[in-house]
There are 2 protein chains.
Amino acid sequence: MSPIGRTRPTGRDRLRDSVLAEDLSFLLARANALTLAAANAALAEHGLKARSYSVLALAADDVRPTQRELAEFLRLDPSQVVALVDGLEKRQLVERRTDPADRRANVLVATDAGRALFARAQESARAVELGLLAAVTPADHERLAQLLRLLAFPD
Amino acid sequence: MSPIGRTRPTGRDRLRDSVLAEDLSFLLARANALTLAAANAALAEHGLKARSYSVLALAADDVRPTQRELAEFLRLDPSQVVALVDGLEKRQLVERRTDPADRRANVLVATDAGRALFARAQESARAVELGLLAAVTPADHERLAQLLRLLAFPD
DNA sequence: ACAAATAATTGACTTTTTCAACGGTCCGTG
DNA sequence: CACGGACCGTTGAAAAAGTCAATTATTTGT
């Protein structure tokens with residue numbers, strides 16, 4: 001007797017057996033979608049989204065990124081960075097300083113308020129991340145990060 | 001002498017030392033962005049994008065997904081699935097069949113043309129994926145997939 | 001048989017993405 | 001030194017993607 005029935009086989013997650021479910025691009029996209037949604041939900045309480053959180057993180061980290069560097073790092077169009085920084089600057093979380101070494105460029109620096117907010121937001125972000133990684137051992141967590149780095153920064 | 005110079009230190013990828021670069025959500029987002037861009041570029045030759053490729057893949061795989069299942073699996077709003085399927089159906093790559101078991105639902109099935117196109121597109125997709133994974137051993141490739149599955153399908 | 005729930009669709013609306021153009025600044029070459 | 005070409009940030013417009021509520025047809029449970 002064939003295992004192929006006419007009825008839909010208990011079908012909650014039949015699709016996980018499809019070839020697509022083995023596709024790394026798909027897994028990446030889906031994992032990212034879920035992660036992003038969770039992160040945005042958690043960051044909303046601080047008036048941030050994943051994007052603005054990332055910008056604030058880099059500003060608060062004293063790497064003094066230019067907007068162009070931000071754009072390349074976050075894979076955004078430079079014009080999107082403008083909007084993002086506008087938002088943070090309006091809230092006085094961040095400052096644009098024209099780079100003395102290149103007066104075309106703006107270097108981003110977090111204000112004290114920005115650092116304080118970031119510290120709080122980072123807690124939320126960490127909590128979410130731990131929640132998502134509940135099924136992953138710390139060792140595998142690090143392993144996953146390393147493998148993702150290979151994809152995220154192909155040199 | 002302090003190592004903090006006034007000049008921007010060789011700065012190609014200084015940002016990789018920031019805390020953000022250790023954030024799994026960020027790595028996921030960036031890896032996904034690069035992967036997605038590469039996939040879209042490769043699929044363009046077949047008139048597909050990652051989204052339509054995914055839908056076609058599931059249709060061609062004979063899992064007979066309903067549109068709702070597609071929406072949940074691909075993390076899309078049901079209305080986006082409508083548009084996606086419209087596009088593929090107009091090109092006769094895919095057919096909507098009302099599910100005899102539930103006449104509200106449409107089951108997606110690929111046409112012969114759809115299967116043929118998918119076979120070709122799959123080759124492109126595979127090639128891209130191999131390119132992106134050049135720095136990853138096959139064993140790590142599988143490991144990465146497994147870890148991503150944990151994030152993509154938290155049960 | 002009826003009420004509540006569900007699948008697909010539509011339309012309106014917001015957000016995100018993508019591009020081209022522009023002013024200001026830097027750099028290398030003549 | 002000056003000039004042309006490249007580069008940074010900004011603006012604005014257009015296209016694409018995402019969100020949401022309402023509607024019809026159908027199913028399910030009572």
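Numbered from 1 within each chain, the chains take letters A, B, ... in sequence-line order.
Along DNA chain C, the nucleotide nearest to Asp77(A) and the one nearest to Asp102(A) differ in position, and the one closer to the 5' end is contacted by Asp77(A). Both Arg104(A) and Gln80(A) lie close to DNA chain D; mapped to their nearest nucleotides by heavy-atom distance, the more 5′-ward contact belongs to Arg104(A).
At dT10(D), one or more side-chain N or O atoms of Arg96(A) fall inside 4.0 Å of OP1 or OP2 (strictly under the cut-off). In this model, the phosphate group of dA7(C) is not approached by any side-chain N or O of Arg103(B) to a distance below 4.0 Å at OP1 or OP2.
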message: I'd like to know whether Glu129(B) forms a salt bridge (Lys or Arg N to Asp or Glu O under 4.0 Å) with Arg126(B), so could you lay out the CA-CA distance, the side-chain angles of the two residues, the decisive distance to 0.1 Å, and finally the verdict.
response: CA-CA 5 Å; Glu129(B) 199 151 303; Arg126(B) 247 199 275 274; over 6 Å; no
Trace of the salt bridge (Lys or Arg N to Asp or Glu O under 4.0 Å) decision for Asp61(A) with Arg14(B): CA-CA 11 Å; Asp61(A) 205 19; Arg14(B) 299 163 17 258; over 6 Å; no
message: With side-chain contact (heavy atoms from CB on, under 4.5 Å) as the criterion, how do Asp140(B) and Gln146(A) come out once you've worked through the C-alpha distance, each side chain's angles and the decisive distance to 0.1 Å?
response: CA-CA 10 Å; Asp140(B) 276 346; Gln146(A) 275 179 318; over 6 Å; no
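Checking Arg97(A), Arg68(A), Gln67(A) one by one against Asn106(A), the side chain to side chain donor-acceptor pair (under 3.5 Å) holds for a single residue, Gln67(A). Between Ser54(A) and the options Leu74(A), Leu70(A), Leu84(A), a side-chain contact (heavy atoms from CB on, under 4.5 Å) holds for only Leu74(A).
dC26(C) atom P lies 12 Å from atom CG of Asn106(A), rounded to whole Å. Rounded to an integer number of Å, the gap from Arg75(A) CZ to dT18(C) P is 10 Å. Between the CZ atom of Arg97(A) and the P atom of dG9(D) there is a distance of 16 Å, given to the nearest Å. Residue Glu72(B) contributes atom CD, which lies 17 Å from atom C1' of dA8(C) at whole-angstrom precision. In this structure, CG of Leu70(A) is placed 13 Å from P of dC8(D), rounded to the nearest angstrom. Rounded to a whole Å, the CZ atom of Arg68(B) is 18 Å from the P atom of dA25(D). Atom P of nucleotide dA8(C) and atom CD of Glu89(B) are separated by 13 Å, given to the nearest angstrom. Rounded to a whole Å, the CG atom of Asp99(B) is 13 Å from the P atom of dT26(D).
Residue contacts shown for Gln67(A) are limited to sugar-phosphate atoms, with no base heavy atom under 4.0 Å away.
Of the residues in residues 37-51 of chain A, those with a non-hydrogen atom less than 4.0 angstrom from any atom of DNA chain C are Lys49(A), Arg51(A).
Checked against a 6.0 Å centroid threshold, the rings of Phe26(B) and Tyr53(A) do not count as neighbours.
Cluster membership check: Leu151(A) shares its hydrophobic cluster with Val136(A), using side-chain heavy-atom separations under 4.5 Å among Ile, Leu, Val, Met, Phe, Trp and Tyr.
Within the helix from dA1(C)-dT30(D) to dG30(C)-dC1(D), the inter-axis angle between the opening and closing five-pair segments is 30°, rounded to 10°.
Residue Glu142(A) qualifies as enclosed at atom CD: its count of foreign heavy atoms under 6.0 Å is above 12.
Contact record, Phe153(B) with Arg30(A): CE2-NE, 3.3 Å, taken as the closest heavy-atom pair.
Counting distance only, with no hydrogens placed and no angle test, the side-chain atoms of Ser79(B) and the base atoms of dC20(D) include a donor-acceptor pair under 3.5 Å.
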